[in-house]
A.B. asks: 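The structure under discussion is supplied below as structure tokens; questions concerning it will follow.
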Amino acid sequence: MKLGLVIDLDTCVGCHACAVACKEWNGSSAVSGPLSDYEPYGAEPSGVWFNRIRHYEIGEYPDNKTLNLPMSCMHCEDAACVTVCPTGASYKRPEDGIVLIDQDKCMGCNLCSWACPYGARELDRSSGTMKKCTLCVDRIYDLELPVEERQPACVLACPAHARMFGDLDDPDSAASQAVRERGGFGLMSELGYKPVNQYLPARKPRPIPVQTSPSPPPGRTRTFINRMIKR
Amino acid sequence: MKPALSVIFFTVSSGAGFGLIALLGLADLLQRAGGAGGPSDREIAAGGLIALVLVAAGLLSSTLHLANPRNAWRAFSRFRTSWLSREGVFALAFFPMAAGYLALVELGAGEGPRAIAAACTVVLAWITLYCTGMIYASLKPIPQWHSPLVPIGYLALGHYSGALLLLAVLACAGHPTSPYVDLALGWLVVAAAVKLVYYASMARANARTTINTATGISRARVRLLDVGHSHGTFLTDEFCFSVARAHARVGKALVVLVGFVIPLLALLLSPATLPVAILAVAAATVGLILERWFFFAEARHVVRIYHGL
Ligand code: SF4
Ligand code: SF4
Ligand code: SF4
């Protein structure tokens, strides 16, 4: 299995709901402990997040548009964050490819965050350990949850249905199909990390019917009525 | 990358220590093989002790960099994949080996065991230095570090500062210094050459990763509109450190001037007395600390691209 997310850049509205839902769910999860906030009500609030959304402009006015780019751990197939880790705290699960950090083993050396090109790892100053997206491993396998809720918190929260969760190894999963049909791609593929998370590009705009030639002149009755009724 | 002072001190200090003991061991081996003018047993022991102190101080300082040092002992467990783990394991193996070698020298042990211990100490010092360089060189997201010149630089600079320290130790002991001046000059030329080639190749390096590959928008111009957070994050603290291009140019000129030109002039223009050797060591140390600072400050992690940098 190769579990991951597929994110539709065509429908993402950049609302940050996924990031907030992620923070809420994982902030009280047992997998990585609380996600610390620094000065949450102070002048310069900051803290640990697993999912961040940045906004870009593509093209030049007037042919420009906005790109909202949510990014969390890509659960890379070739995850250098795991190989550089000296303590064995960072690992990739062979059964489903989820990359996790054992909070009891991490020594907070930061090396894995240096090895991650996607900025997916953040050090929690309070615990002194590295934290990152867990692909909500404590939701997706939770048999106590109704089946439709066994999905990552960010996927459930997205109001635009721009996020999809699935097994990208299974060619018949909805996620794989979407990637195939829409030409999904991974970010920074030249670095060779083989990110599992995929992004779907903008769809081709649907043609909107427009009138290109002037309408034929109105008939006699119509002309008569038009003359009678003041507009 | 944000320059981490504890790591800068660690790499400069232990680099000099490994360089010093490697050169001492080699000099000793040459002497065993019939060379003349090598350091006496007392000088080897004293120099070796200085080297061990430098390495130990560096390693201790490196633990200051850890946010959770309680788990530092686990860092030896991933020898098969992690260069940081390898560095730790080899550094740990180096200590008893080097201490044993110095004890053999002090006790006046037989030729055979002493030569074997010297050779093992030298090789372990080399491997550990190489591992330090590979920690940086293995990081693909940092193009300025992902280069074979980085481990070569760590080896060359370690031996350069070690050669200057060796000169100072021998000058202090009243040992004839002229071959060691030549040794230091030789390493100076090698280290300066590696560093200049590194600077030149960095200036010409063409980053493969751009905002287009980072966003998957292959052709259009892409520009950051909003970074999505109101104040700093771990990522901006750790990776978005910048040094102005003009400052970097002045800084690197200072590295060359203080780290290489001043020691060069000191060694060329005056007899290698103790004060001259100490001046050269002091200048080179300042130069190497600056060099390490810019090694970090000028390294540009690709995650900066997502931040519009
Ligand atoms: S996105 Fe970063 S943290 Fe996640 S698996 Fe890839 S390299 Fe590791
Ligand atoms: S910060 Fe923790 S998880 Fe990351 S490399 Fe260091 S020990 Fe491993
Ligand atoms: S999968 Fe879970 S942990 Fe990862 S970004 Fe989504 S909500 Fe956060």
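Just so you know, these numbers come straight off a predicted model, no measurement behind them. Chain naming here is simple, since letters A, B, ... match the order of the sequence lines and numbering starts at 1 in each. Excluded from the calculations below are hydrogen atoms, water molecules and symmetry mates; all remaining heavy atoms, backbone and side chain alike, are included.
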A.B. asks: Below 4.5 Å from any heavy atom of chain A, which atoms of B:His65 appear? Answer side chain, backbone, both or neither.
C.D. replies: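 Interface part for B:His65: both.
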A.B. asks: Flag the pair B:His146 / A:Leu191 as yes when at least one side-chain heavy-atom distance between them is below 4.5 Å, and no otherwise.
C.D. replies: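 They are not in side-chain contact.
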A.B. asks: Would you mind telling me which of B:Ile135, B:Thr233, B:Thr63, B:Ile142 has the largest number of heavy-atom pairs within less than 4.5 Å of chain A?
C.D. replies: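 Of the options given, most contacts go to B:Thr233.
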A.B. asks: Give the member of B:Ser85, B:Ala72, B:Ala75 that has the highest number of heavy-atom pairs under 4.5 Å with chain A.
C.D. replies: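 Most heavy-atom pairs within the cutoff with chain A belong to B:Ala75.
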A.B. asks: Determine which residues belonging to residues 297-309 of chain B lie within contact range of chain A, meaning some heavy atom pair is under 4.5 Å apart, and list them by number or answer 'none'.
C.D. replies: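 Residues in range: B:His301, B:Val302, B:Val303, B:Tyr306, B:His307.
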A.B. asks: What residue in B:Lys140, B:Arg80, B:Arg78, B:Met1 has the most heavy-atom pairs under 4.5 Å with chain A?
C.D. replies: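 Counting heavy-atom pairs under 4.5 Å, the top option is B:Arg78.
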A.B. asks: Heavy atoms under 4.5 Å from chain B: which residues of residues 107-123 of chain A carry them?
C.D. replies: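 Expected list: A:Met107, A:Gly108, A:Cys109, A:Asn110, A:Leu111, A:Ser113, A:Trp114, A:Ala115, A:Cys116, A:Pro117, A:Tyr118, A:Gly119, A:Arg121, A:Glu122, A:Leu123.
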A.B. asks: For the interface with chain A, which of B:Leu84, B:Val7, B:Val227, B:Leu225 has the highest count of heavy-atom pairs at distances below 4.5 Å?
C.D. replies: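 The candidate making the most pairs under 4.5 Å is B:Leu225.
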A.B. asks: Locate the shortest heavy-atom distance separating B:Ser77 from A:Gly88; write the atom from each residue and the value.
C.D. replies: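 Shortest heavy-atom contact: OG-N, 4.2 Å.
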A.B. asks: Are more than 12 heavy atoms from other residues, nucleotides or ligands located less than 6.0 Å from atom CD of A:Glu24?
C.D. replies: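 Count not over threshold, so no.
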A.B. asks: What residue in B:Pro141, B:Ser230, B:Gly228 has the most heavy-atom pairs under 4.5 Å with chain A?
C.D. replies: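 Top count of heavy-atom pairs under 4.5 Å with chain A: B:Pro141.
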A.B. asks: Between A:Arg52 and B:His229, what is the shortest heavy-atom contact and its length?
C.D. replies: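 Residues A:Arg52 and B:His229, closest heavy atoms: NH1-CB, 3.9 Å.
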A.B. asks: Give, as side chain, backbone, both or neither, the part of B:Glu238 having an atom under 4.5 angstrom from any heavy atom of chain A.
C.D. replies: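 The answer is the side chain of B:Glu238.
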A.B. asks: Quick one: side-chain contact (heavy atoms from CB on, under 4.5 Å) partners of B:Pro96, sequence neighbours excluded?
C.D. replies: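 Applying side-chain contact (heavy atoms from CB on, under 4.5 Å) to B:Pro96 gives none.
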A.B. asks: Applying a criterion of heavy atom separation less than 4.5 Å, what residues of residues 207-224 of chain B form contacts with chain A?
C.D. replies: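 From residues 207-224 of chain B, the residues near chain A are B:Arg208, B:Thr209, B:Ile211, B:Thr213, B:Ala214, B:Thr215, B:Gly216, B:Ile217, B:Ala220, B:Arg221, B:Val222, B:Arg223, B:Leu224.
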A.B. asks: Can you tell me which portion of B:Leu139 sits under 4.5 Å from chain A's heavy atoms? Options are side chain, backbone, both or neither.
C.D. replies: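 Interface part for B:Leu139: side chain.
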A.B. asks: Counting only N and O atoms by type, is there a donor-acceptor contact under 3.5 Å from the side chain of B:Asp226 to the main-chain atoms of A:Arg54?
C.D. replies: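 Between the backbone of A:Arg54 and the side chain of B:Asp226 there is no qualifying donor-acceptor contact (under 3.5 Å).
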A.B. asks: Using non-hydrogen atoms and a 4.5 Å limit, figure out which bit of A:Leu69 sits close to chain B: side chain, backbone, both or neither.
C.D. replies: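 Side chain only.
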A.B. asks: Looking at A:Asn68, A:Val82, A:Val84, which has the largest count of heavy-atom pairs under 4.5 Å with chain B?
C.D. replies: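 Greatest number of close heavy-atom pairs with chain B: A:Val84.
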A.B. asks: Does NE2 belonging to B:His247 count more than 12 external heavy atoms closer than 6.0 Å?
C.D. replies: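 No, not enclosed.
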A.B. asks: For B:Phe239, which atoms come within 4.5 Å of any heavy atom of chain A: side chain, backbone, both, or neither?
C.D. replies: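 It is the side chain, since no backbone atom gets that close.
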A.B. asks: Taking A:Cys106's backbone N and O only, do any of them form a donor-acceptor pair with B:Asn68's side chain (distance below 3.5 Å, no angle check)?
C.D. replies: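 Between the backbone of A:Cys106 and the side chain of B:Asn68 there is a qualifying donor-acceptor contact (under 3.5 Å).
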A.B. asks: Examine whether an atom of A:Tyr38 lies under 4.5 Å from a heavy atom of chain B, and if so say whether it belongs to the side chain, the backbone or both; otherwise answer neither.
C.D. replies: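 Contact with chain B is absent: no heavy atom of A:Tyr38 under 4.5 Å.
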A.B. asks: Using heavy-atom distances under 4.5 Å, tell me whether B:Trp73 contacts chain A through its side chain, its backbone, both, or neither.
C.D. replies: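 Nothing of B:Trp73, per the 4.5 Å heavy-atom cut-off to chain A.
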A.B. asks: Show the nearest heavy-atom pair for residues A:Ser46 and B:Gly232, with the distance to one decimal.
C.D. replies: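 Taking every non-hydrogen atom into account, OG-O, 2.7 Å.
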A.B. asks: Can you tell which part of A:Ala43 gets under 4.5 Å to a heavy atom of chain B, answering side chain, backbone, both or neither?
C.D. replies: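 Backbone only.
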